[in-house]
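Heads up, the thing below is written out as structure tokens.
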Amino acid sequence: MSLLPDDALEEAFAGASRFRGEFYACLTSRGDELFELSDAVLCADGAVRSAVDLTLLPEHRRGHGAMYDGLNHGRIDAERLRTAVADLPLPRFPDGRLVLAVDVSPWLRSDAPCSAERLFCHVYGRAKTASQFIPGWPYSFVAVLEMGATSWTAILDAVRLGPTDDATAVTAAQLRGVVERLIAAGQWRSGDPEIVIVTDAGYDVTRLAWVLRDLPVELVGRVRADRVMRLPKPPRVYAPKGGRPPKRGPEFRFARPETWPEPSVTTLTATANYGKAETLAWDRVHPRLTHRAAWLEHEGELPIVEGTLIRLKVEHLSKDREAPPVWLWSSRTGACGSDVDRCWQAFLRRFDLEHTFRLFKQTLGWTRPKLRDPEAADRWTWLIIAAHTQLRLARPLAQDLRHPWEKPAGPAQLTPARVRRAFRNLRATMLCPARAPKPHRPGPGRPPGARNRHRAPRYDVGKTVRREKTLTALQRAVLGRPHED
């Protein structure tokens with residue numbers, strides 16, 4: 001039973017009901033069906049195995065045909081739903097700072113040749129080095145992270161990457177939209193600490209820092225251990241022979257400690273799970289950019305994007321495994337010891353997003369429906385995000401309906417799966433704007449013995465737009481010259 005004061009419980013209950021009303025308003029077509037389908041996801045006993053099983057629950061008052069019609073032909077005002085999610089109370093770090101994480105999770109559809117806009121998604125096999133490329137729909141998620149030992153995150157946005165999309169450009173536009181909505185909702189005001197955005201090594205963190213430089217954000221991303229960056233240029237001194245002064249300093253090779261200068265910041269922190277965490281930080285370290293990849297179409301002289309390079313080394317991982325060093329790059333310059341510790345602590349909280357992805361797929365059934373159209377997959381994805389948001393809002397209201405073999409947990413320690421067990425009891429007292437279904441007879445369908453003469457088209461997998469990787473190849477493509485061997 002919840003131990004919160006009555007006023008806090010009433011406010012939490014009113015906030016959850018308001019969001020349910022706003023969520024229903026975002027369903028512009030087949031709204032009653034989509035709303036009940038989302039409630040069925042929250043009230044199902046156990047994990048969701050298939051979408052059609054949800055139509056057998058009492059929370060879903062319509063037939064299975066309405067479910068298919070809602071997913072295939074319904075409409076969701078995604079922009080309004082994004083705004084509604086950004087306006088909700090969000091978790092913050094102890095200093096009042098918002099920390100966002102961006103990552104991609106695939107919806108694998110290897111057995112769906114009739115589904116359009118599939119890409120080859122990189123997944124790992126049973127071994128860490130056994131990587132595979134399986135056709136599917138990759139979705140880019142942006143979530144707000146929470147401090148402490150928890151598996152809760154607040155999903156703010158989801159965008160499906162298409163065959164013609166540039167992943168870096170789509171991620172930059174997605175992050176810009178999220179930050180602008182947070183500012184418009186009053187989540188960040190002038191004078192507040194900058195919003196931290198953490199990424200993994202698959203993102204070009206320096207490119208994102210340059211594109212988002214006009215926003216109050218700080219980019220923190222992991223970089224590969226074999227990278228080579230540049231130190232700041234040395235102070236200019238008089239040279240009798242003349243010559244052009246250098247733009248950059250000497251090389252900083254991650255794998256060669258003899259190229260490392262004296263660090264500007266050194267910290268040593270005791271952790272509960274990893275032993276002592278030692279960090280070395282160097283200020284104004286930047287990569288040497290070239291006209292390749294994301295910088296290929298950059299006009300004018302390439303910029304120098306300086307930041308703080310951080311080397312994190314812990315004593316051990318779980319089960320006393322050896323921990324290799326982790327390299328991080330922050331877009332913030334002039335960082336002090338507390339700034340460096342905040343960067344690596346925020347990066348470690350990024351792994352909470354993996355718990356959310358597992359909840360989506362294994363419990364809420366995000367990848368269970370066998371949908372053909374990618375637009376239907378987008379609708380189902382937003383239904384899952386709305387369901388997860390309602391679980392987060394019902395977190396202080398839920399009781400611990402634990403199994404006999406589970407340990408008791410306090411109100412602040414309930415996992416999303418445990419909150420979902422109690423949602424059926426909470427739903428009975430919350431706002432349910434969906435209207436009752438109207439009785440009608442189903443259509444005749446295809447006449448018996450008639451064959452379907454409209455064969456489903458088949459689509460190829462992969463990118464449909466080729467992007468040149470070098471400036472010379474781009475110039476040849478623009479001028480229409482044939483490629484030389």
Side-chain angles (χ1 to χ4, degrees), residues 16-17 19-85 107 109 112 114-118 136-137 139 155 157-160 360-361 363-391 420 423-424 427 430-446 452 454 456:
S17 295
F19 176 77
R20 288 172 62 85
E22 183 64 21
F23 170 55
Y24 180 76
C26 297
L27 308 176
T28 57
S29 180
R30 275 79 171 183
D32 297 329
E33 164 57 31
L34 295 177
F35 188 87
E36 291 188 355
L37 188 60
S38 178
D39 275 359
V41 171
L42 292 171
C43 299
D45 295 330
V48 176
R49 300 302 179 186
S50 65
V52 70
D53 289 342
L54 299 176
T55 61
L56 303 178
L57 299 179
E59 289 77 13
H60 191 279
R61 299 175 293 179
R62 291 160 173 82
H64 61 278
M67 182 271 298
Y68 291 120
D69 185 64
L71 291 179
N72 293 326
H73 305 289
R75 286 195 300 269
I76 300 178
D77 190 351
E79 288 300 323
R80 182 174 179 178
L81 187 53
R82 290 185 175 101
T83 303
V85 173
W107 183 340
R109 296 303 313 275
C114 298
S115 296
E117 303 182 10
R118 292 183 302 160
W137 291 315
Y139 279 84
I155 302 294
D157 193 16
V159 174
R160 178 173 49 84
F360 275 22
K361 295 181 179 180
T363 303
L364 302 183
W366 173 42
T367 58
R368 287 294 182 176
K370 304 299 182 181
L371 303 177
R372 175 180 295 180
D373 296 332
E375 291 78 11
D378 296 342
R379 298 185 193 100
W380 176 252
T381 301
W382 277 109
L383 293 183
I384 297 298
I385 293 176
H388 182 262
T389 302
Q390 294 182 61
L391 290 179
R420 179 170 173 262
F423 192 85
R424 172 173 288 176
R427 177 186 176 275
M430 288 184 178
L431 175 66
C432 294
R435 296 165 294 185
K438 298 179 180 180
H440 68 284
R441 293 183 179 180
R446 187 184 307 141
N452 184 9
H454 301 281

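Here, residue 1 is the first one in the sequence, and each next residue gets the next number. What's counted below: heavy atoms across the whole structure, side chains too, no hydrogens, waters or symmetry copies.
- Panel note: side chain R75, backbone R30; no donor-acceptor pair is recorded below 3.5 Å.
- Here the CG atom belonging to L27 is positioned 8.5 Å from the OG atom belonging to S38, to the nearest 0.5 angstrom.
- Inter-residue side-chain proximity for F360 and W107 is flagged as unmet; no heavy-atom pair is nearer than 4.5 Å.
- In terms of heavy atoms, P374 sits closest to A116 at CG-O, 4.0 Å.
- For R420, there are no salt bridge (charged side-chain N to carboxylate O under 4.0 Å, His left out) partners two or more places apart in sequence or in a different chain.
- Taking the side chain as every heavy atom from C-beta outward, D77 and W382 never approach each other to under 4.5 Å.
- W137 has its side chain out of reach of D378: every pair of non-hydrogen atoms, C-beta onward, lies at least 4.5 Å apart.
- A ring-centre distance under 6.0 Å is found for Y139 and W366.
- The shortest side-chain heavy-atom distance between I76 and T28 does not fall under the 4.5 Å cut-off.
- Counting only distance, with no hydrogens or angles, the side chain of R427 and the backbone of C43 share no donor-acceptor pair below 3.5 Å.
- For R372 (side chain) and S115 (main-chain N/O), no donor-acceptor pair under 3.5 Å exists by modelled atom type.
- One distance of note links NZ of K361 with OG1 of T367; it measures 6.0 Å at 0.5 Å rounding.
- A donor-acceptor pair under 3.5 Å is absent between the side-chain atoms of D373 and the main chain of E375, judged by distance alone.
- No more than 12 heavy atoms of other residues, nucleotides or ligands lie within 6.0 Å of CZ in R435, so this atom counts as exposed by the packing criterion.
- Residue F35 holds its CZ atom at 11.0 Å from SG of C26, rounded to the nearest 0.5 Å.
- Taken to the nearest 0.5 Å, the CD1 atom of I385 stands 11.0 Å off from the CG atom of L364.
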Side chain to side chain contact (heavy atoms under 4.5 Å, CB included) evaluation trace for L71 with L37:
CA-CA 10 Å; L71 291 179; L37 188 60; 3.9 Å; yes

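- Contact check for Q390 versus L42: side-chain heavy atoms found under the 4.5 Å cut-off.
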Please walk me through it: do H73 and S29 pass side chain to side chain contact (heavy atoms under 4.5 Å, CB included)?
CA-CA 8 Å; H73 305 289; S29 180; over 6 Å; no

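- Panel note: side chain R379, backbone N72; a donor-acceptor pair is recorded below 3.5 Å.
- Here the closest non-hydrogen pair linking R20 and L431 is NE-O, 2.7 Å.
- Between L34 and Y24 there is no side-chain heavy-atom pair separated by less than 4.5 Å.
- Using a 4.5 Å cut-off on side-chain heavy atoms (C-beta onward), V85 and F19 make contact.
- Residues V41 and L383 fail the side-chain proximity criterion, which asks for heavy atoms closer than 4.5 Å.
- Under the side chain to side chain donor-acceptor pair (under 3.5 Å) criterion, the residue pairs touching residues 52-66 are E33-H60, E36-R61, E36-R62, S50-D53, E59-R424, with sequence neighbours excluded.
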Are R80 and E22 close enough, and set up right, to give a side chain to side chain contact (heavy atoms under 4.5 Å, CB included), and what steps lead you there?
CA-CA 9 Å; R80 182 174 179 178; E22 183 64 21; 2.7 Å; yes

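- Here CG of D45 is found 7.5 Å from CG of L57. Values are rounded to the nearest 0.5 Å.
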